[in-house]
*Asks:* 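Have a look at this one.
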Amino acid sequence: MVEKVFAAIGLSVCVALLLGMLIGRGRVQQMLMRARAAWRWSRQRRSAEREAVEVIERARRGGTTVQREGNIYRPSSFNGRRADDHQD
């Protein structure tokens with residue numbers, strides 16, 4: 001069984017090398033760049049989805065009370081004066 005697995009791996013490597021010689025070096029590099037870009041895109045998408053879920057869960061848990069005036073949320077952290085507020 002193990003011999004068949006190694007034979008299949010060896011055959012696939014030989015076929016890949018033969019195809020690489022047939023289509024040329026430039027196209028092989030283009031295909032590899034596309035594959036890397038697709039891999040990077042999928043990783044970034046999964047990371048963004050995970051971060052979005054974390055942010056939504058943090059918002060659901062809350063922790064601070066927020067006043068609501070109609071459809072406007074007014075957090076209590078906005079009540080104080082800021083250092084860059086130029087009113088005297």
Side-chain angles (χ1 to χ4, degrees):
M1 180 67 181
V2 175
E3 293 86 12
K4 290 183 181 181
V5 171
F6 285 134
I9 291 171
L11 178 64
S12 62
V13 167
C14 289
V15 169
L17 290 173
L18 178 64
L19 286 174
M21 287 189 295
L22 289 175
I23 63 174
R25 186 178 193 132
R27 288 190 186 220
V28 169
Q29 287 185 351
Q30 287 177 352
M31 289 173 40
L32 288 174
M33 285 176 51
R34 286 186 191 134
R36 287 182 191 128
W39 175 260
R40 193 176 310 120
W41 178 80
S42 69
R43 265 193 6 218
Q44 288 174 347
R45 181 178 174 153
R46 281 181 290 178
S47 174
E49 287 176 354
R50 187 173 45 247
E51 289 177 16
V53 167
E54 290 174 4
V55 167
I56 291 170
E57 287 302 317
R58 271 199 318 262
R60 282 186 183 156
R61 282 192 305 258
T64 60
T65 58
V66 178
Q67 296 176 354
R68 186 173 176 172
E69 298 173 9
N71 63 346
I72 299 173
Y73 292 102
R74 300 213 185 265
S76 59
S77 62
F78 291 168
N79 291 341
R81 289 185 59 192
R82 296 186 326 211
D84 63 346
D85 193 5
H86 298 291
Q87 296 175 0
D88 288 321

*Asks:* At what distance, to the nearest 0.5 angstrom, does CZ of R40 lie from CZ of R36?
*Replies:* 8.5 Å
*Asks:* Let me have the donor-acceptor pairs involving side chains of residues 10-35, under 3.5 Å, with sequence neighbours excluded, atom names and distances please.
*Replies:*
unit_1	atom_1	unit_2	atom_2	d
S12	OG	A8	O	3.2
S12	OG	I9	O	2.8

*Asks:* Please go through I72's hydrophobic cluster and name the other residues, only I, L, V, M, F, W, Y counting, with side-chain heavy atoms under 4.5 Å joining them.
*Replies:*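 Its cluster partners, ordered by chain and number, are none at all.
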*Asks:* By side chain to side chain donor-acceptor pair (under 3.5 Å), which residues pair with E57, not counting sequence neighbours?
*Replies:* R60
*Asks:* Under the rule for side chain to side chain donor-acceptor pair (under 3.5 Å), what residues qualify as partners of R45, not counting sequence neighbours?
*Replies:* E49
*Asks:* How many angstroms lie between CH2 in W41 and CZ in R46, if you round to the nearest 0.5 Å?
*Replies:* 10.0 Å
